[in-house]
Amino acid sequence: MSANELFVVTGATGRTGSAAAKTLFDAGKRVRVVVRDEPKGDVWAALGADVAVADFSDLAALCKAFSGADGAYIVSPPQYSSEHLFSQAGAMARSIAKAVKLANLSRLVVLSSIGAEQPEGTGWIAMNRMLEESLSDTRLPVTFLRAAYFMENWAPLVKMAVRQRQLPSFLSPLNQEFPMIAAADIGRMAAETLCENWDGVRVIDLEGPARYSPNDIAEHLSLTLGEAISPFSIPESDWAQSIAGRGFSSAAICGFIEMTQGINTGHIAFDDLLSVERRQGTITLDVVMDTLAAG
């Protein structure tokens, strides 16, 4: 592998993209970040990165962003405020696929999700499936990182627990241990994978060093805050109201409900019978929860 290889990182202003870019920088790699608004690239330009301004729906801008690069980390941002978020996700997936093929990138690492292999009943995760299908058709070497439930998804619920001394949970039952992972671990492993060589399509399942239940999260918050935090399951009938007002369209809310039902029933889960690679992160729940509780 040449020391002069150039890697493109999309989503560099987000959690996994910023971690991927930082990991590549720390490894002495050349990095180009893709942002939608030029000022958001200033911090990366100051570190020595190339900055490309592009929207995933703009094929010409994407081709320019990928031009001359060897590989890319792809994070396609969901449009949760749109009533057409699934059709928009499909259009972006096709645009990304055309751009990376025209740029003839030597390899791609793509953020996907646990459950993306399921053809239905996955809600938001259907958008990851669309991206996988479009990029698999490019015939470029591509690795899909099917990440577990983000630990950071608990942020709004942890804020409520700090105020109310009760932890609401969409995940249920409360004693069920679910695979979770920290965003920083995803970004780091994405960068490390991008520095590897492979042929064809790979799938890597990503999860943290252990699995955790809502009870585990409440117990840790109790220790952190110095008083008892009681977990409780949010009734399904209240899910829509619980996330209303956060900028989600009605279509996005329906997608959230279907996804969460799939997680709770086990329809969305890692399939231990599939012959895929699995990697574990190192960041534990307590590290993320301490950060969320403090913020």
Side-chain angles (χ1 to χ4, degrees), residues 1-14 16-17 20-21 23-24 29-36 41 44 49-79 84-113 116-117 119 124-147 186-187 189-206 276-277:
M1 183 178 298
S2 169
N4 291 321
E5 282 187 315
L6 172 63
F7 296 119
V8 174
V9 176
T10 67
T13 58
T16 73
T23 301
L24 291 167
K29 305 298 183 182
R30 295 170 58 216
V31 177
R32 177 185 295 153
V33 300
V34 181
V35 296
R36 283 183 291 180
W44 295 109
D50 291 344
V51 177
V53 179
D55 187 282
F56 282 140
S57 61
D58 187 336
L59 178 59
L62 272 184
C63 288
K64 184 177 179 181
F66 293 134
S67 177
D70 298 282
Y73 174 49
I74 304 295
V75 182
S76 184
Q79 309 296 310
H84 309 287
L85 73 163
F86 291 101
S87 60
Q88 287 179 340
M92 286 194 294
R94 292 187 293 272
S95 179
I96 294 167
K98 289 179 182 177
V100 298
K101 194 167 184 180
L102 287 170
N104 195 29
L105 296 177
S106 63
R107 53 195 176 277
L108 302 171
V109 175
V110 182
L111 178 60
S112 186
S113 171
E117 77 284 356
W124 288 352
I125 295 171
M127 293 183 283
N128 297 103
R129 182 176 177 85
M130 293 176 192
L131 187 59
E132 286 197 13
E133 290 175 342
S134 290
L135 292 179
S136 293
D137 289 343
T138 65
R139 299 188 179 181
L140 295 172
V142 56
T143 295
F144 298 113
L145 302 179
R146 290 184 181 163
I186 297 172
M189 289 190 281
E192 292 170 352
T193 304
L194 197 53
C195 294
E196 299 171 356
N197 288 307
W198 70 91
D199 295 315
V201 175
R202 288 198 304 175
V203 173
I204 303 178
D205 290 343
L206 301 184
V276 297
E277 185 179 350

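The analysis underlying the following values was restricted to heavy atoms, covering all of them including side chains, and did not include hydrogens, waters or symmetry mates. Since the model is a prediction, treat every value here as computed from it, not as a measurement. For this chain, numbers begin at 1 and follow the sequence in order.
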Can you sort out the partners of Ser76 under side-chain contact (heavy atoms from CB on, under 4.5 Å), two or more places apart, ordered by chain and number? Phe56, Met92, Ile96, Leu131
With sequence neighbours left out, the residues meeting side-chain contact (heavy atoms from CB on, under 4.5 Å) with Leu59 are Cys63, Ser95, Lys98, Ala99
Carefully, step by step, assess Phe144 and Leu135 under the rule side-chain contact (heavy atoms from CB on, under 4.5 Å). CA-CA 9 Å; Phe144 298 113; Leu135 292 179; 4.1 Å; yes
Between Ala103 and Ser67, which heavy-atom pair has the shortest distance, and what is it? CB-N, 4.5 Å
Looking at every non-hydrogen atom in both residues, tell me the closest pair between Ala54 and Leu62 and how far apart they are. CB-N, 4.1 Å
Quick one, Leu111 and Asn128 - any side-chain contact, counting heavy atoms below 4.5 Å? no
Looking at Trp198 and Pro141, what are the two nearest heavy atoms and their distance? NE1-C, 3.4 Å
Residues that Thr16 engages under side chain to side chain donor-acceptor pair (under 3.5 Å), provided they are two or more places apart: Tyr73
Atom OG of Ser113 and atom CG of Leu145: how far apart are they, to the nearest 0.5 Å? 11.5 Å
Atom CD in Gln79, atom OG in Ser87: separation rounded to 0.5 Å? 10.5 Å
Do you know the tightest heavy-atom contact between Val276 and Val203? CB-O, 3.7 Å
Hey, are the side chains of Leu206 and Met189 touching, using non-hydrogen atoms and a 4.5 Å cut-off? yes
Sequence neighbours excluded, every pair satisfying salt bridge (Lys or Arg N to Asp or Glu O under 4.0 Å) that has a member inside residues 124-143: Arg129-Glu133, Glu132-Arg146
What are the two closest non-hydrogen atoms of Ala21 and Val33, and how far apart are they? CB-CG1, 4.4 Å
Residues passing the salt bridge (charged side-chain N to carboxylate O under 4.0 Å, His left out) test with Asp205, sequence neighbours excluded, are Arg278
Among all residues two or more places apart in sequence or in another chain, which pass the side-chain contact (heavy atoms from CB on, under 4.5 Å) test with Ala89? Met127, Met130
With a 6.0 Å cut-off (strictly less than), is the heavy-atom count around CZ of Arg202, excluding the residue itself, greater than 12? yes
Residues two or more places apart in sequence or in another chain: which of them pass salt bridge (charged side-chain N to carboxylate O under 4.0 Å, His left out) with Arg94? none
Residue list, side chain to side chain donor-acceptor pair (under 3.5 Å) with Ser57, at least two apart or on another chain: Asp55
List the residues meeting ring-ring contact (aromatic ring centres under 6.0 Å, His included) with Trp124, not counting sequence neighbours, and say none if there are none. Tyr80, Phe248, Phe256
Quick one: CG on Asp70 to CG on Asn104, what's the gap to the nearest 0.5 Å? 10.5 Å
Among Arg32, Arg30, Arg107, which one satisfies side chain to side chain contact (heavy atoms under 4.5 Å, CB included) with Phe7? Arg107
Ile204 side, atom CD1; Ser112 side, atom OG - distance, nearest 0.5 Å: 12.0 Å
Nearest heavy-atom approach of Val51 to Gly41 is CG2-O, 3.4 Å
Checking side-chain contact (heavy atoms from CB on, under 4.5 Å) for the pair Val35/Val53: CA distance, chi angles, key distance, verdict? CA-CA 5 Å; Val35 296; Val53 179; 4.3 Å; yes
Who passes side chain to side chain donor-acceptor pair (under 3.5 Å) against Thr193, sequence neighbours left out? Arg279
Going by the rule side-chain contact (heavy atoms from CB on, under 4.5 Å), which residues pair with Ala72 if we only count those two or more places apart in sequence or in a different chain? Val8, Phe66, Ile74, Leu105, Leu108
